[in-house]
Structure formats: structure tokens, C-alpha cells
Amino acid sequence: MKKELLKKFTWVTALVLAAALSIFALAPVMTRPETYQGSLAALQEKQTTVLELTAASTAASAAITLLPGDIATPVAEKLADLSGYFLIVLCAIFLEKYLLTITASAAFHVLFPLACLLGAAYVCSQKRFFRVLAWRLACFALALVLVIPSGIYASSMIEQTYQASISETLEDAKENAAEVETDATTEADTDQQSGLSGLFSKVKDSIGSAASGTLEKFKQTLNDLIEALAILLVTSCLIPILVILLFLWLFKLIIGIDIPLPALKAEKRNTEQTNQEQ
């Protein structure tokens, strides 16, 4: 009897110490940004890319409106619309940044300690309900800690494949915008010197030749920006969601049993009375 009590006391003490260790030792470490330096660096790099793409699409939209006539208006509107979609990607990146520390805080401040206390309750009462619930909480806490870094890692692997393409898209958009602005400035200076008749002549020539060539360049830029946006939406929104679903599936696979709730005494009494009446 004493040996059994000593064994229970040892287990309860170890589980209570584990709960205290989770709160006072692991939680401060796992909630520091320095702990996730690699993940935060990858997110910061992606954030810089998104901001540059947003600026490039806005600059391209403004630059293409400098072309004479209304032939470039549809392309300019599509380029301007891309900024809203890039904002969605940017919000997803910030959300991942915050969740890195928030999920760790929830796991090590609440879930792990609660799982340890439920484990101690099982040791004292030997009720299966406490053991199953403690096991589930511990697994859920572990999944919560790993899910965001895993999603960032999977996204980074895909982004490395398309990083060169995104960088090339940025450079092309900047070059096209700068070229149109330079041409517009040069044309304006020439028009001031040549007078009104020269202005109409140049507008007509631009619509016929240079403007159409520049418009084709911006169409290609629009297609490249849409491709870059699709890559970022997949890596910043879709991949993290798929990783979360994968962890939920694994969690259900590992802990795929029902928690046996303790039967209430009143329910037992009613069942016994019904059996006696029958």
C-alpha cells in the first residue's frame, strides 16, 4: 500500500513540476521572437517582396496612363486592382508572424500545464477520462506549436523555385514604368519647344507606333504580376491552410477515439429504477 502511494506521489509530483516547467521555463523561451528567427526572416523577405510588387503594380498603373488616348485604360485598371490582392497576401504574412508566438504561448502557458494536471488527476483517481483528455491536450498543444513553422517551411521551399521569376517580374515592371515616364518627360519637353501642331503630330505618331509597343510590354508585365500574385497566394494562404488541415487529419488519426464521459449518478439511478420497473 505504501509503495503504491509513493508511486502515485512521485508521478503527481513529476507532472506538477512538468506543468510548472512549461509555464515558467519553456513558455518564456518559446514565445520570444528570437526563437523563430529563421521563420521570421523568411516572412520578412516575403513581406519585402510583396511590398515591392505592390509598388511596382501601382507605378506601372500610373505610368501606363501617360500613354496617349484611352487604349491603355483597361490594362491600367487591372494593374491597379492587383494592389488589393497583394494586400491580402500581406495580411496573411502578418497573421503568420503573430501566430508564431501566440500559438506557442497558448500551448506552453495553458494546454501543456492543463494536460499535466489532468494526468495527475488520472494518477490519483485512475479514471480513464482524465488520461484520454490529458493525452489529447498534449498532442493538440504539440501540433499547435509545430503547425505554423511547418507551413512557413513548406512555403519557403516552393518560393525558392519561383524566386528568380518573381525578381525578374519586378525588374521588368520597374523598367517599363521608368521607360514610359522618361518618354513622357522627353515628349513633353519637345512639345513645349515645337508648339501645338507638333503636339498633335507626336500624339498621332505615338498612338500608331510607340504606344502600341509599350502597351504590349505592360500586358506582359500584367501577366507576370498575376503569375507572381498566384504564387504568393498559394505559398502564403493555401499552403498554410493545407498544413493546418494535414495536422488536423494527423491529430484525428492519432487521437481518433471518443472521450468516455463519466456517467452521472442520477442517470445511473434512473436506469436502475427503469430496470426494476420492467
Side-chain angles (χ1 to χ4, degrees), residues 27 30-64 74-111 140-141 143-174 177 218 221-249 251:
M30 297 302 295
T31 53
R32 291 175 187 168
E34 294 81 4
T35 306
Y36 308 96
Q37 191 171 7
S39 297
L40 289 174
L43 290 175
Q44 184 61 40
E45 183 179 355
K46 188 190 298 186
Q47 177 183 333
T48 302
T49 301
V50 172
L51 291 175
E52 289 180 350
L53 287 170
T54 304
S57 63
T58 304
S61 176
I64 199 173
V75 178
E77 291 176 351
K78 291 296 182 180
L79 286 169
D81 292 340
L82 290 180
S83 300
Y85 296 105
F86 283 123
L87 180 61
I88 296 175
V89 177
L90 191 62
C91 291
I93 293 172
F94 277 108
L95 181 62
E96 286 181 295
K97 280 185 176 182
Y98 296 140
L99 286 179
L100 274 174
T101 54
I102 291 175
T103 54
S105 178
F108 291 101
H109 278 121
V110 180
L111 296 178
F140 180 68
L144 201 62
V145 172
L146 295 177
V147 63
I148 302 299
S150 299
I152 295 173
Y153 177 75
S155 298
S156 298
M157 290 180 62
I158 298 175
E159 286 167 4
Q160 288 175 1
T161 306
Y162 297 97
Q163 189 60 42
S165 175
I166 294 176
S167 299
E168 185 178 352
T169 299
L170 270 172
E171 293 300 324
D172 290 343
K174 291 177 181 178
F218 275 101
T221 298
L222 175 61
N223 292 334
D224 293 340
L225 286 172
I226 291 175
E227 181 181 349
L229 175 62
I231 295 170
L232 290 170
L233 284 174
V234 169
T235 57
S236 300
C237 301
L238 185 59
I239 294 298
I241 292 174
L242 290 177
V243 171
I244 291 173
L245 292 177
L246 175 62
F247 270 82
L248 288 176
W249 177 75
F251 177 75

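Since the model is a prediction, treat every value here as computed from it, not as a measurement. Reckoned from all heavy atoms, side chains included, excluding hydrogens, waters and symmetry mates.
A donor-acceptor pair under 3.5 Å links the side-chain atoms of Ser155 to the main chain of Thr235, judged by distance alone.
In this view, Ala76 and Ser61, Ile64, Thr65 satisfy the side-chain contact (heavy atoms from CB on, under 4.5 Å) rule, not counting sequence neighbours. Under the side-chain contact (heavy atoms from CB on, under 4.5 Å) criterion, Leu51 pairs with Gln47, Leu90, sequence neighbours left out. Remark: Gln163 pairs with Thr49, Ser167 by the side-chain contact (heavy atoms from CB on, under 4.5 Å) rule, at least two apart or across chains. Remark: Phe140 engages Phe251 in a ring-ring contact (aromatic ring centres under 6.0 Å, His included) (not counting sequence neighbours). Partners of Val147 according to the side-chain contact (heavy atoms from CB on, under 4.5 Å) rule, which considers only residues two or more places apart in sequence or in another chain, are Val243, Ile244, Phe247.
Nearest heavy-atom pair, Ile239 versus Gly151, reported as atom, atom and distance to 0.1 Å: CG2-O, 4.1 Å. Residues Tyr36 and Met30 share a closest heavy-atom pair of OH-O, 2.6 Å. Counting all heavy atoms, side chain and backbone alike, Ala228 lies closest to Ile166 at CB-CG1, 4.2 Å. Of all the heavy atoms in Thr54 and Ser57, the pair that sits closest is O-OG, 2.8 Å. Here the closest heavy-atom approach between residue Thr101 and residue Thr31 is recorded as CG2-O, 3.5 Å.
Applying the ring-ring contact (aromatic ring centres under 6.0 Å, His included) test to residues at least two apart or on different chains, none of the pairs has a partner in residues 81-104.
Under the 3.5 Å distance criterion, with hydrogens and angles disregarded, a donor-acceptor pair is assigned to the side chains of Thr58 and Ser83.
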